[in-house]
Each structure stands twice: as C-alpha cells, then as structure tokens.
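All of these numbers come straight from a predicted model, not from anything done at the bench.
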Amino acid sequence: MMILAYIFIQNLIIMVEADSTTFSEKDLHQHQLWNNLVKQFITDDGFVDYQGFKSKEHLLNQYLEIISTYAPTADWTRQEKIAYWINAYNAFTVKLIINHYGVQSIKDIHHQVYDSPWKIPFFKIGEDAFTLDKIEHEILRKQIQEPYIHFALVCASFSCPHFRNEAYTAQHVKEQLDDQARIFINDPRKNKLDSIPLEVSSLFSWYWDDFTNHFTDDFSFITWLNKYSNHPLNYPSSYTFMPYNCSLNGK
C-alpha cells in the first residue's frame, strides 16, 4: 500500500511539473503574465504604478523566472526575439526600481562596483549574468539592429518613451513599434513639434546612427518625422535636442 501511495505521489509531482512547464512555454511568446501586470499598473499615459507592481511582486518574479529560464534560441523568429527582449528589458527595469523602492530617479541607484544602474548584473538569462545595457546595446542594437526599439525600451525615466500597457508579442510587434513611434513623436513631453526651432528628444542625438535606413541628414529626418507627425512640418526646419529628464516615470 505504501509503495502504491509513493508511486501515486511521484506521478502527481511529474504531472504538476509537466503542467508548469507547459504553462511557461505557452506563456513565453504571448507574455501573458506581463500583459496582465502592465494592463493593471501602467496608465494610458504610460506612467508606472510602482507601488502596485510591488504589491504583486510575486507575479512579476514569476514572469521574470520564465524570461530567465527560456532564453531565445536560434530557431526563434526575429519578431519573437524582439518582443522577448523588449519585454525583458522593461520588466527587469521595473524590478530594479522596486528593489530600490522609493528612489526618485533610476540614476539614484548606486553600486559599489558599477557606476551606472544599467551596468549592474542583477539578473540572469539562462546561465549568463545580464545587465540592462547588454540587452539594449549588445543584443537589440548590435545583433538584431532594430532602431524602433528606442520607442519601446523604458528606462524608468520621464523622458523615456511611452510605457505601453500591453506586452509586445511576435504577432504584433511590428505594428506595436510603429505605433510607439507615432505616440513618442507626437508627445509634447518628448518632442515639441510646434516650437521654432523644433525641439526633439535627445534619443535622436544619441542613436542617430541606428536610423540610417530611415534618415541620414536633416532633410530626410524631417521627412521621416512627417511620416508620424499629426501635423505637417515645413522644410527646412531647424531643430534642437531637448534635455533628458531622468525623474522617475511613476510613483
């Protein structure tokens, strides 16, 4: 009888573990856990309720465990990789802030070894120690070379792009990034297109070379902006770069 009970318990454990693995794999490309969290704790204006995230930190940790366990593989599509890495960056940034809950800026987070919060290896992907910088600069910019990630990666700062209150998914990431570009360009907190001269985000200064397939000089830059601007911009239009506000993008 005890042997039968032991076999039953072992089979039950195997079934639970199998169900857990199935759930994780199913959730991976839909990012449903993250989708549920951002719908609840990101406002329509893109501001973050960090207190809300902290109250559901166990769910955030569950999602981050999935992200850490299931690193992208060679057979993933480009869209699957982009969605994964954007969600990973944004979710781990939220985790960093609630690990230091109460900071007024991400730049207030200090480390005895690393001189920037973006260089702190506070999480793993697979077996590798990772930083936020590694996701952005080594993977999304260097390997995948997708410039529109600059309208989706949210570094917990006021001048960052709009924090989308839905998860990025492979099925929709192209349209989502295009929509993020439109939202970002027309947000007067990020770009002042009614000013003379125009005032545009410092992101365009820092990452100009990432956009060479879209613009290479002032004329093509204005042409590209006109693709998204809610009102036509005149040629020639001079512009300056706005100061970047690193105050926390929420509470």
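Looking at Glu57 and Ile98, their side chains come closer than 4.5 Å, going by heavy atoms from C-beta outward. Contact annotation: the side chain of Val154 never approaches that of Thr93 to less than 4.5 Å [non-hydrogen atoms, C-beta and beyond]. In this structure, Tyr63 and His31 have side chains that are in contact, with non-hydrogen atoms separated by less than 4.5 Å. Residues Arg164 and Ile42 form no side-chain contact, since every pair of their non-hydrogen atoms from C-beta on lies 4.5 Å or further apart. Lys227 places none of its side-chain heavy atoms less than 4.5 Å from the side chain of Arg182. Two residues are said to be in side-chain contact when any heavy atoms from C-beta on lie closer than 4.5 Å; Leu193 and Ser229 meet this criterion. Using a 4.5 Å heavy-atom cutoff, the side chains of Pro72 and Glu80 are not in contact. With a 4.5 Å cut-off on side-chain heavy atoms, Leu203 and Pro161 count as touching.
Atom NZ of Lys107 has 12 or fewer neighbouring heavy atoms from other residues, nucleotides or ligands inside a 6.0 Å radius. By the neighbour-count criterion of 12 heavy atoms within 6.0 Å, atom CD of Gln171 is densely surrounded, having more than that number from other residues, nucleotides or ligands. Heavy atoms of other residues, nucleotides or ligands lying less than 6.0 angstrom from NZ of Lys95 number more than 12.
One side chain, Asp178 or Tyr228, offers a donor N or O that lies under 3.5 Å from an acceptor on the other. Checked by atom type, the side-chain pair Ser201/Tyr244 shows no donor-acceptor distance below 3.5 Å. Of the N and O atoms on the side chains of Asn226 and Thr223, not one donor lies less than 3.5 Å from an acceptor on the other residue. A donor atom on one side chain and an acceptor atom on the other are not found under 3.5 Å apart for Asn186 and Asn191. Under 3.5 Å, the side chains of Glu65 and Asn61 contain no donor-acceptor pair of N or O atoms. If you check the side chains of Tyr84 and His29, you find no donor sitting under 3.5 Å from an acceptor.
Linking ILVMFWY side-chain heavy atoms closer than 4.5 Å, directly or via other members, places Val38 and Phe47 in two distinct hydrophobic clusters. Placement of Phe158 and Leu96 in two distinct hydrophobic clusters is found when ILVMFWY residues are connected by side-chain heavy-atom separations under 4.5 Å, directly or transitively. If you chain together hydrophobic residues whose side chains sit under 4.5 Å apart, Phe130 and Tyr70 fall into the same group. Criterion: ILVMFWY side-chain heavy atoms under 4.5 Å apart, direct or through other members. Under it, Ile183 and Leu153 are not part of a common hydrophobic cluster. Grouping the Ile, Leu, Val, Met, Phe, Trp and Tyr side chains by contacts below 4.5 angstrom, directly or via other members, places Ile196 apart from Leu198.
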Checklist entry - When you look at Ser105 and Ser247, which way does the side chain to side chain contact (heavy atoms under 4.5 Å, CB included) test go after all the steps? => result CA-CA 5 Å; Ser105 167; Ser247 298; 5.7 Å; no
Item to check | side chain to side chain donor-acceptor pair (under 3.5 Å) evaluation trace for Asp108 with His100 | outcome: CA-CA 9 Å; Asp108 292 339; His100 300 83; over 6 Å; no
Checklist entry - Going through the checks in order, is the side chain to side chain donor-acceptor pair (under 3.5 Å) test met by Gln40 and Asn36? => result CA-CA 6 Å; Gln40 187 173 0; Asn36 294 342; over 6 Å; no
Item to check | Residues Leu132, Cys155; criterion side chain to side chain contact (heavy atoms under 4.5 Å, CB included); working and verdict | outcome: CA-CA 9 Å; Leu132 296 173; Cys155 64; over 6 Å; no
Checklist entry - What's the verdict on side chain to side chain contact (heavy atoms under 4.5 Å, CB included) for Ser237 and Ile222, showing C-alpha distance, side-chain angles and the deciding distance? => result CA-CA 7 Å; Ser237 289; Ile222 300 302; 3.9 Å; yes
Item to check | Residues Ile82, Leu177; criterion side chain to side chain contact (heavy atoms under 4.5 Å, CB included); working and verdict | outcome: CA-CA 10 Å; Ile82 292 172; Leu177 290 180; 4.2 Å; yes
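Under the 3.5 Å distance criterion, the side-chain polar atoms of His214 are left unmatched by any main-chain donor or acceptor of Ser220. At distances below 3.5 Å, at least one donor-acceptor pair connects side-chain atoms of Gln104 with backbone N or O atoms of Gly102. The main-chain N or O of Ile66 is never found under 3.5 Å from a side-chain atom of Thr69 such that the two would form a donor-acceptor pair. In this structure, Ser157 contributes its side chain and Cys160 its backbone to no donor-acceptor pair below 3.5 Å.
Separation of the Trp34 and Tyr168 ring centroids does not fall under the 6.0 Å cut-off. Ring-centre distance between Tyr239 and Phe221: below the 6.0 Å cut-off. Taking the six-membered ring for Trp and the full ring otherwise, Trp206 and Phe241 have centroids separated by 6.0 Å or more. Here Tyr101 and Tyr50 keep their ring centres 6.0 angstrom or further from each other.
The CG atom of Leu140 lies 13.0 Å from the NZ atom of Lys134; values are rounded to the nearest 0.5 Å. Here the straight-line distance linking atom OG1 of Thr169 with atom CG of Asn87 works out to 8.5 Å at 0.5 Å rounding. In this structure, CD on Gln79 lies 10.0 Å from CD1 on Ile144, to the nearest 0.5 angstrom. The CG atom of Asp179 sits 12.5 Å away from atom NE2 of His172, with the distance rounded to the nearest 0.5 Å.
Contact detail for Ala170 and Ala83: the closest heavy-atom pair is N-CB, 3.8 Å. Of all non-hydrogen atoms in Ala152 and Asn90, the two that sit nearest each other are O-ND2, 3.1 Å. When all heavy atoms of Asn35 and Ala167 are compared, the closest pair comes out as OD1-N, 2.9 Å. The two residues Pro243 and Ser159 make their nearest non-hydrogen contact at O-OG, 4.1 Å. Nearest heavy-atom pair, Asp209 versus Thr212, reported as atom, atom and distance to 0.1 Å: O-CG2, 3.3 Å. Between Lys39 and Asn165, the closest heavy-atom pair is CG-O, 3.3 Å.
Residues that satisfy the side chain to side chain donor-acceptor pair (under 3.5 Å) test with Thr43, not counting sequence neighbours, are absent from this structure. When the side chain to side chain donor-acceptor pair (under 3.5 Å) test is applied to His58, no partner is found at least two apart in sequence or on another chain. Scored by the ring pair (Phe, Tyr, Trp, His ring centres under 6.0 Å) test, Phe184 finds Phe151 as partners (sequence neighbours excluded).
Checked options Gln145, His137, Gln143; the residue passing with Arg141 is His137 (criterion: side chain to side chain donor-acceptor pair (under 3.5 Å)).
Cluster partners of Met242 are absent, since no Ile, Leu, Val, Met, Phe, Trp or Tyr has side-chain heavy atoms less than 4.5 Å from it.
Residue pairs satisfying the salt bridge (charged side-chain N to carboxylate O under 4.0 Å, His left out) criterion with at least one member in residues 240-251, sequence neighbours excluded, are listed as follows: Asp49-Lys251.
Between Trp224 and Tyr148, the ring planes are perpendicular. Angles over 60° get that label, and only those under 30° would be called parallel. A tilted orientation is assigned to the rings of His150 and Phe211, their planes being inclined by 30° to 60°.
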Under 3.5 Å donor-acceptor pairs involving side-chain atoms of residues 113-129, not counting sequence neighbours:
residue, atom, partner, partner atom, Å
Ser116, OG, Trp118, N, 3.1
Lys119, NZ, Asp133, OD2, 3.2

